Amino acid sequence: RRCHRRCTAMPDVPFQPFCAFLGALGLLCLAMVGTWCQHWRGGFSLDGSSRTFNWHPVLMVAGLVLLYGAAALVYRIPSTWSGPKLPWKVLHGGLALAAFVLSVLGLAAVFRFHNAQGTPNMYSLHSWVGLATVLLFSCQWAAGFGAFLLPWAPAWLRALYKPVHVFFGSTILMLSVASCVSGINEKLFFSL
């Protein structure tokens, strides 16, 4: 019976090397998307051409996958489990804010491209899932800022909102990855 429990238990993976592995994997994904847009999609520009569109996948992967994923991992680092929480809250909120700024810039790039080309803006499942993700993310950031960083929120409100914040944070991260995968597949489908 004891062996059975050991065999079915989760493997004990050290946290910091696993985070480093995830960070390297995320940077590799960003490098691959950047290389794809630079070498096979014609590079980057702000002139309304297809090169303007190329900012969209790079900024969205950088913001909603890399930085948002890093913001989610900040509270899982063992050194955050004891001691003052404020510096970690500020880092968490700052990384999420940077992710939000990059995602808004990524949306601006794709809307600019579509408007310059006369293409409808919201024509696919990818576009609706992506926009819903960014809207949920903006609500999540504002609610988290109000509940956890501003000093006016009472402890009972923070305790009540914390599981909701964690749930929607994980959901938004999964929606971000789904949006990225569906968007890359959509672009490949239209390119081929």
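Only heavy atoms go into these numbers, but all of them, side chains included; no hydrogens, no water, no symmetry mates. No experiment lies behind these values; they were computed from the predicted model shown.
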N/O donor to acceptor pairs below 3.5 angstrom from side-chain atoms of residues 89-102, sequence neighbours left out:
residue, atom, partner, partner atom, Å
K89, NZ, F148, O, 3.4
H92, ND1, A71, O, 2.6

One should read off an interatomic distance between L67 CG and S176 OG, to the nearest 0.5 angstrom, of 11.5 Å

From S124 atom OG to F190 atom CZ, the distance as rounded to the nearest 0.5 Å = 6.5 Å

Do the side chains of Y68 and F18 join up, straight or via other hydrophobic residues, at under 4.5 Å, putting them in one cluster?
-> no

Sorted by first residue and then second, give each salt bridge (charged side-chain N to carboxylate O under 4.0 Å, His left out) pair with at least one member in residues 46-60; sequence neighbours left out.
-> D47-R51

Shortest non-hydrogen separation from E186 to H126 and the atoms involved = OE1-CB, 3.3 Å

Give a yes or no on whether L135 and V104 share a hydrophobic cluster (residues Ile, Leu, Val, Met, Phe, Trp, Tyr; joining criterion: side-chain heavy atoms under 4.5 Å apart).
-> yes

Roughly how far, to the nearest 0.5 Å, is the OG atom of S49 from the CZ atom of R112?
-> 9.5 Å

Is it possible for you to say whether M174 and V129 belong to one hydrophobic cluster, with membership spreading through side-chain heavy-atom contacts below 4.5 Å?
-> no

Side chain to side chain contact (heavy atoms under 4.5 Å, CB included) evaluation trace for L64 with L175 = CA-CA 9 Å; L64 286 178; L175 283 172; over 6 Å; no

When you look at CG of L125, are more than 12 heavy atoms from neighbouring residues, nucleotides or ligands closer to it than 6.0 Å?
-> no

Should Q117 and F53 count as side-chain neighbours, where that means a heavy-atom distance under 4.5 Å?
-> no

Is the H114 ring parallel, tilted or perpendicular to the Y123 ring (thresholds 30°, 60°)?
-> tilted

V164 and L160 have their tightest heavy-atom pair at CG2-O, 4.2 Å

Is the CZ atom of F168 crowded by more than 12 outside heavy atoms at less than 6.0 Å?
-> no

For residues 24-44, run the donor-acceptor check on the side chains, cut-off 3.5 Å, and write out each pair with its distance to 0.1 Å, sequence neighbours left out.
residue, atom, partner, partner atom, Å
T35, OG1, A31, O, 2.7
R41, NH1, S191, OG, 3.2

Rounded distance (nearest 0.5 Å) linking atom CG of N185 with atom SG of C180 | 11.0 Å

Is L107 reachable from W55 through a run of I, L, V, M, F, W or Y residues, each pair having side-chain heavy atoms under 4.5 Å apart?
-> no

Any idea how F145 and W141 line up, ring-wise: parallel (<30°), tilted (30 to 60°), or perpendicular (>60°)?
-> parallel

Atom pair CE (M60) and CG (L105), whose distance is rounded to the nearest 0.5 Å | 10.0 Å

Would you name the heavy atoms of G48 and A116 that are closest together and state the gap between them?
-> O-CB, 3.5 Å

To the nearest 0.5 Å, atom CZ of F167 lies from atom CD1 of I172 at 10.0 Å

Applying the 4.5 Å side-chain criterion to the ILVMFWY set and letting contacts propagate, would L173 and V134 be lumped into a single cluster?
-> yes

Minimum heavy-atom distance P84-P87, with the two atoms named | O-CD, 3.8 Å

